[in-house]
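Taking it in order: structure first as structure tokens, then the write-up.
Naming: A, B, ... by sequence-line order, numbering from 1 per chain.
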Amino acid sequence: MSDAVPDLATTGAAAAATTERGTATTPDGPLRLRFCPAPSGWLHVGSVRAALYNWLVARRSGGTFVFRIEDTDAERATLDSARSMTEALAWMGLDWDEGPVLAADGTLGSRGAHGPYLQSERAALYAAVGRRLVDAGHLYPDLRTPAELEAWREQHRSGTAGGGPPVVKRSTAAHSEEELARYAEEGRVASWRLATPEAGSITVVDLVRGPVTFEWAHVSDPVLLRSDGSATYPLANVVDDVAMGIDLVCRGEDLLSVTPRQILLADLLVADGLIDAALAEVGLPPRDAAWGPPRAWAHLPMVVGMDRKKLSKRHGSVAIQEFRRQGFLPETLRNHLALLGWSHPAGEERFDDADLTARFALEDVGRSAAAFDVEKLTTFNGERIRALNPAELADRLLPHLDGTEGEAALVGRPPSDAELAVVRGLVPLVQERMQRLDEVEAYAAPFLGDVGYDEAAVAKHLATDAGRAALDAAAAALDGCTWDEGALEAALRAAAEGLGVGFGKLAQPVRVAVTGTTVSPPLFGTLVLIGRERTLARLDAARTLAAGG
RNA sequence: GCCCCCGUCGUCUAGCGGCCCAGGACGCCGCCCUCUCAAGGCGGUAACGGCGGUUCAAAUCCGCUCGGGGGUACCA
């Protein structure tokens, strides 16, 4: 790399005029969009919503959805996280045309013609681009240490340096002869910054926010190459967006202020075929000849918790796999997340993917931060569970019964025929009273295992004179009764009448006797599914319990 | 400190100068149904942050103010 400090006129600063970029409406034609999380931690609802919006626009335009892992920070990025995010995105049903693919054995493969899609595998490209940017004079060396920089910024922030915002510009980074000599002696290695214009302004016409103007004088020159030679996010992100032909950048509002320098860089990369030369040099696939730099931007409002604070561990279910574990359907999440910032033109709130892709538009996305409401999600989820056909519900319930999603292993994996029959028989009993799939565990226990008697329930409904009388009457009525809902209902109602009590007075003791708790699906269906043998046995056991023995 | 964004029921939102003493959804409350829990049906509660303008007329336009958020990293 050349250490020569290039003339200002040869750098991006030459573009110091006032410029405007972006579009007021989504561009026509097939669009390439991407979702590019940094792999540290889990995917949370905010990220997934961004992924969803990108996916929707790509699908609606008949374009391409690219998934890229931005693991340029070796300190924080982990492969486990990358795997987890890949799995989460797949579970959400946001299928991508290009990007990493998680194989059954846990390794990350790849699909698409413009990879690799893990930035850690593209280091050579960033180095090649960096070298060319330096040679072209767009980057300049900064020999200050992080500590020195921080001290410098602190001075400016507190105003003790005599005013001026803490903005790093080439003019503030110039080193004197003495400094250079000293640094050389110390063996310091430079980091390289992108020279942004010192004056003028740029207006980003954002699809959700409209025009937003930034003064270049307020834009700090970002470090593109760390002193160890590695690429930073400001470099890698833009290089890949350009190399992968991203048309529309849709991401969180937290990246809005970084857009000006990204536009500048993207232009530099495309100009004179710099990116193409670098791609060829390192042997990566060439860009499509028609691709230019990104031409549209959309910055989504943040997603906050119900306490209006930024999403964090405190908010519980932030990791998307937590929703999976709790039995939320991915289609519910898609529906509900779409509503977090966007609203259907016709005011509809329940819709499927087809309606969503047909109607969704970034221009209709709101501008204020939205709180994620789990209550509403839960209601929506219950509605969708009710709308499922019974056979499919049974299939979706299995992972919550065999230990895949929860702790309980009420059935084998795979389930036996008998277990499967019970689960299928259970569906009509629980479908209309479930909001989450994981609730099936509690409902299913009495049908698939032994009853555990709830003490309070026993005390209230069994161990009383009325309870004992009810159990005796029920046992007598059920003995020899035909085992179908109609006959059971007739027999038990008659028994209640015989006791001279309302049906409820008989039903609750029986319910507790058979299921162990006061809450269960409707009694007659429950008895049918549990079967004569077990019902009568449990009634007997309950009578013993009720007698205090 | 500096830059940028945002501000309608508890929550998600509709509203883009008169149709709004503000509509829908979730929640909440009440009633109906009912063998428990649900589901379902019906009804109800609840908001334009504040102050100044502009206008015959403002939730809608403008200014200020207050409040919230983001950025200000050799994190992304």
Q. Any donor-acceptor pair under 3.5 Å joining the side chain of Glu349(A) to the base of rG24(B)?
A. yes

Is any N or O donor-acceptor pair between the side chain of Ser227(A) and the base of rC74(B) shorter than 3.5 Å?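 Answer yes: a donor N or O sits under 3.5 Å from an acceptor.
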
With a non-hydrogen cut-off below 4.0 angstrom, is [X] in contact with a base, only sugar-phosphate, or nothing?
X         : result
Val223(A) : sugar-phosphate
Pro522(A) : base
Ser257(A) : sugar-phosphate
Gly341(A) : sugar-phosphate
Ser40(A)  : nothing
Pro521(A) : base
Arg144(A) : base
Arg511(A) : base
Leu523(A) : base
Leu255(A) : base
Gly347(A) : nothing
Glu70(A)  : sugar-phosphate

Give the rounded distance in Å between these two atoms: [atom1] of [X] and [atom2] of [N].
X         : N       : atom1 : atom2 : answer
His44(A)  : rA76(B) : NE2   : P     : 16 Å
Phe372(A) : rU13(B) : CZ    : C1'   : 16 Å
Asp228(A) : rC74(B) : CG    : P     : 13 Å
Leu333(A) : rC12(B) : CG    : P     : 17 Å
His299(A) : rC3(B)  : NE2   : C1'   : 15 Å
Arg367(A) : rA59(B) : CZ    : P     : 18 Å
His336(A) : rA25(B) : NE2   : P     : 15 Å
Lys376(A) : rG10(B) : NZ    : C1'   : 13 Å

Check whether any side-chain heavy atom of [X] sits under 4.5 Å from a side-chain heavy atom of [Y], and report yes or no.
X         : Y         : value
Leu388(A) : Gln431(A) : yes
Leu235(A) : Thr72(A)  : no
His299(A) : Val212(A) : no

Are any of [X]'s side-chain N or O atoms less than 4.0 Å away from OP1 or OP2 of [N]?
X         : N       : result
Ser220(A) : rU72(B) : no
Ser343(A) : rC12(B) : no
Arg226(A) : rC75(B) : yes
Arg193(A) : rC74(B) : yes
Arg386(A) : rG40(B) : yes
Arg350(A) : rC26(B) : yes
Thr72(A)  : rA76(B) : yes

Walking RNA chain B from its 5' end, the first of Arg49(A) and Thr213(A) to be reached, judged by nearest nucleotide, is Thr213(A)

The answer to which of His218(A) and Met434(A) contacts RNA chain B further toward the 5' end, by nearest nucleotide, is His218(A)

Quick check for you: among [options], whose closest atom lies nearest to any side-chain atom of [X]?
X         : options                   : result
Arg433(A) : rC5(B), rC12(B), rC37(B)  : rC37(B)
Thr379(A) : rC12(B), rG27(B), rC6(B)  : rG27(B)
Gln508(A) : rG69(B), rU36(B), rC37(B) : rU36(B)
Val519(A) : rC75(B), rU36(B), rC4(B)  : rU36(B)
Glu375(A) : rC12(B), rA38(B), rG27(B) : rG27(B)
Ala370(A) : rU13(B), rC26(B), rC37(B) : rU13(B)
Asp373(A) : rC35(B), rC26(B), rU36(B) : rC26(B)

Report the base-pairing partner of [N] (Watson-Crick or G-U wobble, both distances below 3.5 angstrom), or none.
N       : value
rC19(B) : none
rC26(B) : rG10(B)
rA59(B) : none
rC64(B) : rG50(B)
rC2(B)  : rG71(B)

Pair Tyr126(A)-Asp240(A), side-chain donor/acceptor within less than 3.5 Å: yes

Checklist entry - Does one side chain, of Glu363(A) or Thr26(A), offer a donor that lies under 3.5 Å from an acceptor on the other? => result yes

query: Near Glu455(A) CD, under 6.0 Å, is it more than 12 heavy atoms from other residues, nucleotides or ligands?
result: no

query = In this structure, are over 12 heavy atoms from other groups packed under 6.0 Å from Glu497(A) atom CD?
reply = no

If the [atom1] atom of [N] is compared with that of [M], how far apart are they to the nearest Å?
N       : M       : atom1 : result
rC61(B) : rG18(B) : C1'   : 14 Å
rG24(B) : rA14(B) : P     : 15 Å
rG7(B)  : rU45(B) : C1'   : 24 Å
rU11(B) : rC5(B)  : P     : 24 Å
rC48(B) : rA22(B) : C1'   : 8 Å
rG10(B) : rC28(B) : P     : 15 Å
rG53(B) : rG68(B) : P     : 27 Å
rC16(B) : rC32(B) : P     : 41 Å

Open item on the list: Could you tell me if Arg49(A) sits above the aromatic ring of Tyr53(A), with its cationic atom closer than 6.0 Å to the ring centre and no more than 45 degrees from the axis?
Closed with: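 Verdict for Tyr53(A): a cation-pi partner in Arg49(A).
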
Residues Gly130(A) and Leu225(A): closest non-hydrogen pair is CA-CD1, 3.9 Å

Separation between CD (Gln262(A)) and CG (Leu255(A)), nearest 0.5 Å, reads 6.0 Å

